[in-house]
Every structure is written in structure tokens, then in C-alpha cells.
Amino acid sequence: MATFLYRLGRFSFRRRRLVLALWIAVLAVVGLGAATVSNSTTDSFSIPGTQSQQATDLLKKEFPQASADAATAEVVFKTANGQKLTSGAHKSEIESLVADLGAAHQVAQVADPYTSGAVSKDGTIAYAQVTYDVPQADVTERARDDLADIAAKGGHAGLEVSMRGSAVAEENHQSASELIGILIAAVVMVITFGSLIAAGLPLLTALFGVGMAVCGITVATSFIDLSSNTSTLALMLGLAVAIDYALFIVSRYRSELKAGRAPEEAAGRALGTAGSAVVFAGMTVVIALVGLSVIGIKVLTDIGLGAAFAVVVAVVIALTLLPAMLGFAGPRISAGKYRTRRMRAVERGEREPMGVRWATFVLRNPVKVLGASVAGLLLLAAPALSLRLGMPDDSTAAPGSTQRIAYDTVSEGFGAGFNGPLTVVLDARHSDDPKAAAKDASRLLEDLPDIASVSPAAFNQTGDVALLRAVPGSSPSSQKTVDLVSGIRDRSAALHDDTGAELMVTGTTALNIDISGKLSAALVPYLCVVVGLALILLMLVFRSLLVPLKAAVGFLLSILATLGVVVAVFQKGWFADVFGVDQTAPIVSILPIFMVGVVFGLAMDYEVFLVTRMREEYVHGAGPREAVVAGFRHGARVVTAAAVIMISVFAGFVFSDAAIIKSMGLGLAAAILLDAFVVRMTVVPAVMALLGDRAWSLPGRLDRLLPRVDVEGEELRHLLDDHPEPTVPRTPVPTGKS
């Protein structure tokens with residue numbers, strides 16, 4: 001692979017205009033497709049094999065008029081001055097609005113609040129339930145515009161009208177925080193390279209790749225239903241890894257120029273060495289992300305595949321477009337007029353780099369440093385012991401959004417449980433007396449704690465399947481509601497024994513509970529698969545048994561500590577004001593397992609780029625401690641810059657309005673901070689110092705069994721040194737000195 005990448009790098013460098021023209025043409029085609037054939041995304045969930053999904057499937061069959069999978073909207077009415085809605089002009093206006101809703105595009109039926117009992121006891125709040133004749137993914141912009149126009153009409157009449165539901169368009173609040181993350185990345189790269197050209201190329205190619213990936217995902221929405229968060233998370237991860245991969249290759253290219261290589265030869269060698277590591281690192285991230293699809297939850301599959309696509313694009317861009325851009329920059333990329341006095345002193349050999357000084361400190365105190373680092377990580381992980389998983393609902397919507405206002409208004413008028421009523425399905429097809437079974441089911445529900453109300457049973461046409469609506473007394477995301485759903489399901493067995501009928505719970509609340517349960521059950525097995533994969537891949541790279549074990553344990557520590565940070569902020573509310581968290585809630589169910597997949601790949605990036613240089617020095621005769629210092633001398637600065645850049649990009653999403661994006665932004669930023677600076681830059685050298693020569697040992701039989709992977713291109717360098725290819729006359733490399 002290293003030889004192929006070497007030739008690819010030289011080809012892209014030499015034919016740079018052709019490569020650039022081809023990429024621009026591809027981006028233009030994909031961008032045009034995104035602008036013309038894209039479709040809307042969806043926030044709906046399905047989880048095959050669970051009781052909630054079985055009940056939904058039964059409803060589709062037995063209650064086709066109920067449209068179990070149809071889009072819905074809830075339009076909430078309230079007066080600004082607390083006047084009654086039960087008489088006078090306000091009642092007439094609401095009845096007129098309900099009539100307009102019934103005539104709106106794609107609407108199947110509307111429940112009048114005055115006939116359905118959807119008016120609060122004090123008469124100041126009411127809501128109308130709207131059911132569409134199409135699923136959420138098929139709701140047109142015209143239908144959403146009709147809904148918005150009707151709400152605006154109510155506002156003009158003196159009513160406070162808010163809306164929520166799957167048919168209501170999400171409000172996109174753009175933030176400059178993502179741009180701030182990119183600007184920080186640019187500053188870090190200028191400081192790292194001391195050159196605007198060297199700093200600008202990784203940013204330019206990363207933005208190009210992210211644009212390509214997001215446009216590609218947008219085009220895909222015209223063919224398949226994708227989660228609404230797919231593009232955002234692909235943008236988040238794609239931007240971070242694209243900058244990192246370009247950073248490593250540009251850094252190696254500058255090193256080759258400094259060694260006296262001709263620019264084209266330097267580009268080939270940079271791609272054959274650092275490019276091989278980029279391919280390996282990208283492969284680990286892609287495998288972990290694609291692996292999310294085996295869990296069987298569509299939203300997680302969408303996010304994983306979308307982010308994996310963004311990573312693949314980032315790798316391909318780094319291997320083709322980046323060397324072409326290096327061709328345009330040539331040796332000017334080494335002109336570093338922004339170097340500081342300290343950087344110049346380091347280049348002249350008058351001062352040791354910060355990474356070397358830090359490694360030396362750790363090597364002098366390995367036990368103390370290791371003990372303090374592990375203790376700190378375990379302390380941060382402590383809040384994770386109280387981790388609760390749940391799916392986001394309108395209680396975590398952006399403050400001031402129509403969804404959040406509707407949630408709070410319904411809670412005020414009816415109680416928090418009305419925001420998440422339970423759909424209870426009675427399957428009495430094998431019962432001798434379905435009517436009696438329905439009465440027993442109603443009594444069973446009413447006797448349960450935390451039940452606010454139970455509607456009468458509504459039977460299908462054949463009279464053997466009934467539909468009941470149970471309203472919890474607590475909010476949809478509360479533990480009491482989770483316990484209530486479990487209580488209903490636990491008592492279903494007794495009802496079945498007595499009547500032959502089966503009781504099932506579905507609806508958004510129950511579906512979210514089932515999703516959280518399935519993800520909780522899948523977390524540990526998925527973690528074991530990821531860690532096992534890490535052990536195998538790192539054994540291939542480092543020809544060692546203890547180094548992969550150390551890397552896997554460090555990865556587990558960083559994941560646990562990160563979960564502790566997320567729980568502390570979003571579930572317990574610590575430092576909530578700092579991160580803009582206005583309401584605590586269970587952690588988004590998909591976050592832990594998604595974070596495991598992403599952080600695994602990124603952690604392996606830093607492990608590969610830092611430790612491979614240590615192994616190279618050790619193989620060439622350096623002692624264990626000298627190898628650690630040499631690894632930090634060549635890799636610490638770039639790894640530090642890469643980590644700071646990635647943290648900046650992820651942290652930019654902390655200020656998003658969407659709870660899932662905010663929590664993922666903080667989680668990934670904290671994970672990179674802890675893994676890069678505590679685990680890779682602190683725990684790793686301490687453990688390597690304590691292991692000594694044993695770190696690089698591999699049982700003979702295992703050594704013969706494992707194939708050899710030349711990640712750092714060492715064999716390529718030997719081949720080129722033994723058989724040098726002719727190069728063009730070299731141009732003196734600018735030093736940037738005045």
C-alpha cells in the first residue's frame with residue numbers, strides 16, 4: 001500500500017491541474033444534485049422486535065383509520081390575558097381554526113378540543129390533535145405552510161398558538177459557534193507551522209471534503225429516508241478528521257522538504273508514509289461507525305453510515321486533492337515567517353521542544369504520573385454510575401421554539417403526562433370475551449400508580465382488538481413513566497392468564513423507552529467488539545501484545561470519564577449555565593454507543609501517529625526510554641495541534657439548540673481532550689517507561705501468524721533509499737528567516 005500511495009502522491013502532485021479540475025467537477029455535480037433532487041429528513045423511530053413496534057404493526061392492520069404511522073401535529077391554544085376559551089369570541093375563533101385545519105393539505109382528521117375533552121379545567125388552554133394521511137417523510141412543504149398560516153391567523157386574533165408533532169417543521173437556529181471552531185483551528189495550524197500556506201491547505205481541503213459529503217447525504221435523502229441529524233453529525237466528524245488527516249500529511253511533506261527532497265518526491269514520500277497511517281486511521285473510524293448498523297436501530301444506522309461516508313471522503317481528499325494542492329504550493333509551504341523565537345530556537349537545536357520536556361518529566365516520575373492520571377479519570381467517571389438513557393422530546397427543544405412552548409403550555413394546562421400519552425393495545429383475538437377483557441384491562445390501568453386518566457376502549461370492526469389511551473401523571477422522560485410502562489407490561493401476563501387477551505404498550509413514549517433499553521443492552525457487547533478490534537489492529541501495527549492492551553485500557557478509561565462528564569452536565573445539571581443547558585434530562589440514548597464508535601477511531605489515530613515513531617526508533621537500536629522521547633520529539637507537536645483542532649470543532653456544536661447535537665458536541669470534545677492529553681500524552685509514556693523492553697515483545701508463534709502491515713512506510717523508505725528514483729533539480733527551501 002505504501003508504494004501505491006507513493007506513486008499516487010507523485011501523480012497527483014504532477015497532474016495537479018487535472019486532479020483539481022476533476023474534484024471541482026464532482027463537487028459541482030453533487031452540489032447541483034443536492035439543490036434539485038433532495039428530500040426532507042425524518043425524526044421517526046422504529047425498532048423491530050420490541051413490543052412497541054409489534055403493537056404499532058397490529059394497529060396498522062386492525063385500525064387502518066387510526067394511521068399508526070401517519071404524521072401528526074398538536075396545535076395548542078392559549079390566551080395572553082388568561083381569558084376563558086370556552087365561550088365568546090375565543091371559542092368561535094378556535095372553532096374556525098379547527099375547521100381550517102380540517103381543510104388543510106394532507107390532513108386526514110382533526111380532533112375538536114371542545115368535543116374531545118382537550119380543554120383544561122380552568123378553560124384557559126386547549127389543543128387540537130391533527131392526523132395526516134401520509135407518513136412524516138411525505139409531508140409536503142405546502143402542508144407545513146398551511147399549518148403555519150393557520151397558527152399565524154390565530155395569533156392575529158389574540159391567541160397564543162404553538163405547535164409540535166412530527167408534521168411540524170423544525171426551526172433551524174444557525175450559530176456562529178461552528179465558525180469559531182474553524183477559526184480556532186486556523187490559528188492553531190498557523191502556530192504549529194508558522195506559515196499561512198501550510199495552515200490554509202488542511203482547512204481548504206477539509207471544507208471541500210465536508211461540502212462534498214454533506215451534499216452527497218442531501219442527495220441521498222431523495223432516495224432513502226434519513227434521520228434529520230445525519231448531515232449535522234457528518235459535518236461535525238468529517239470536518240474534524242479531514243483537518244487532522246491533512247495536518248499529518250502536510251507535516252510529513254514539510255519534513256521531507258527539510259530533508260532536501262524535491263517537492264514531487266517529498267509529496268510521494270509524505271503520502272507513502274503519513275498517508276498509510278491516514279488510511280489505517282480512517283479505516284478504524286469507518287469500521288466502528290459502520291458497525292453501528294448491526295444494532296438494528298435506523299437512526300443510529302443513518303448517523304453511522306453518514307458519518308462514515310464523510311470520513312471516507314476525507315481520506316480520499318487527503319490522498320488525492322491534498323497532494324495536488326501541495327503541487328500548487330511547492331516549497332513555499334515551508335516559508336514560515338510567523339515562527340516565534342522559541343520555534344526558531346527549537347529548529348536550531350538550541351532548545352528542546354515542549355513535547356520532549358514533557359516526556360522527560362513523565363519518564364522521571366512514571367508511577368506518580370500514572371497514578372494521578374488514572375485517579376483523575378476514575379473521579380471524572382464517577383457520575384456515569386447514575387447514567388440514565390432516554391430519547392429527546394419537546395421538553396429539551398430550544399427555548400422559545402414553538403415545540404418547546406407547546407410542551408410547556410400543555411404541561412401547565414393538563415399536566416406533564418399529557419405530553420406523552422401511552423397507546424395501549426388490547427389483543428383479544430384469542431379471548432372468549434373481548435368486552436370483559438377490555439373492562440379488566442381498564443381496571444388494571446386505573447389501579448396502577450402515576451396514572452392520570454384512562455380513555456374508554458375503542459374496538460376495531462371485528463371487535464377483537466381494542467385501543468386505550470392512558471395518560472401518565474409524570475413527564476415522558478421521567479423514571480416514573482418508565483416504571484409505569486414496565487408495570488403495564490408486567491401485569492399483561494396475569495391478564496392473559498385470566499382472559500386470554502394480551503396487553504401491549506406503544507406510542508412515542510413507549511417506543512423511546514424500548515429504544516433506550518435496546519441501546520443499553522447493546523452498549524457492552526458493542527464495546528467488547530470495538531475493543532477486540534482495537535487489539536487485533538494494533539497488534540498488526542506494533543507487533544506487540546502489551547502496547548495494544550495498554551491502548552485498549554486507556555480507551556476504556558477515556559470513554560468512562562467522558563460519560564461521567566456528560567452525565568454531570570446534562571443529567572445532573574452541574575455547570576449547566578456554562579454550557580447553555582436550561583433543563584436536565586436523561587442522556588440521549590444513542591450518545592454512548594455512538595461516542596464509543598467515534599472516539600475509538602480517533603483514539604487509534606493518536607495512538608498510531610505517536611507510538612509508531614517510538615517503535616521505529618526502538619527497532620533501530622534506541623533504548624525503551626529513548627524511543628519514547630524520540631516519538632514525542634517527532635509526533636507530540638502535530639498530535640497536540642490535531643487534538644486542539646478537533647476539540648475546537650466539536651466544541652463549536654456545544655452551543656447548538658438541538659439537545660442531541662449539544663450533548664454530542666460536548667461529549668466528543670471532552671473525549672478528545674481526555675484521550676489525547678491524559679491518556680495518549682501522559683498515561684502512554686508512563687506505561688511505556690514501566691514496561692521497558694517488554695512493551696515491544698510478541699510471542700513467536702503469534703508473530704509468525706500475524707501479517708505484517710507497514711503503516712509508517714518503513715519498507716518504502718528502504719526501497720527508495722536502495723533504489724532512488726531520478727528527481728527534478730531541487731529548489732532551495734525557504735527558511736522564513738529574515
For Ala111, is there any backbone N or O sitting under 3.5 Å from a side-chain donor or acceptor partner on Thr115? no
If only atom types and distance count, is the side chain of Asp146 paired as donor or acceptor with the main-chain N or O of His105 below 3.5 Å? yes
Verify the distance criterion only: is there a donor paired with an acceptor across the side chains of [X] and [Y] at less than 3.5 Å?
{"X": "Arg388", "Y": "Gln479", "result": "yes"}
{"X": "Ser475", "Y": "Asn419", "result": "no"}
{"X": "Thr506", "Y": "Ser52", "result": "no"}

Looking only at heavy atoms, what is the nearest atom pair of [X] and [Y], with distance?
{"X": "Ala71", "Y": "Ala167", "answer": "CB-CB, 4.1 Å"}
{"X": "Pro421", "Y": "Val471", "answer": "CB-CG2, 4.3 Å"}
{"X": "Val566", "Y": "Gly667", "answer": "CG2-CA, 3.7 Å"}

Look up atom CG in Asp427 and atom CD in Glu62, then write down how far apart they are to the nearest 0.5 Å. 8.0 Å
Rounded to the nearest 0.5 Å, how far does CD1 of Ile125 lie from OG1 of Thr79? 8.5 Å
Is the shortest distance from a Lys or Arg side-chain nitrogen in Arg164 or Asp394 to a carboxylate oxygen in the other one below 4.0 Å? yes
Please determine if Lys91 forms a cation-pi arrangement with Tyr114, meaning its NZ or CZ atom is less than 6.0 Å from the six-membered ring centre and no more than 45° off the ring axis. yes
Test the Lys121-Phe414 pair against the cation-pi criterion, namely NZ or CZ under 6.0 angstrom from the six-membered ring centroid and within 45° of the ring axis. no
Audit row: Lys572, Ser386, side-chain hydrogen bond (donor to acceptor under 3.5 Å, both in side chains) steps and yes/no: CA-CA 9 Å; Lys572 294 182 176 295; Ser386 57; 3.2 Å; yes
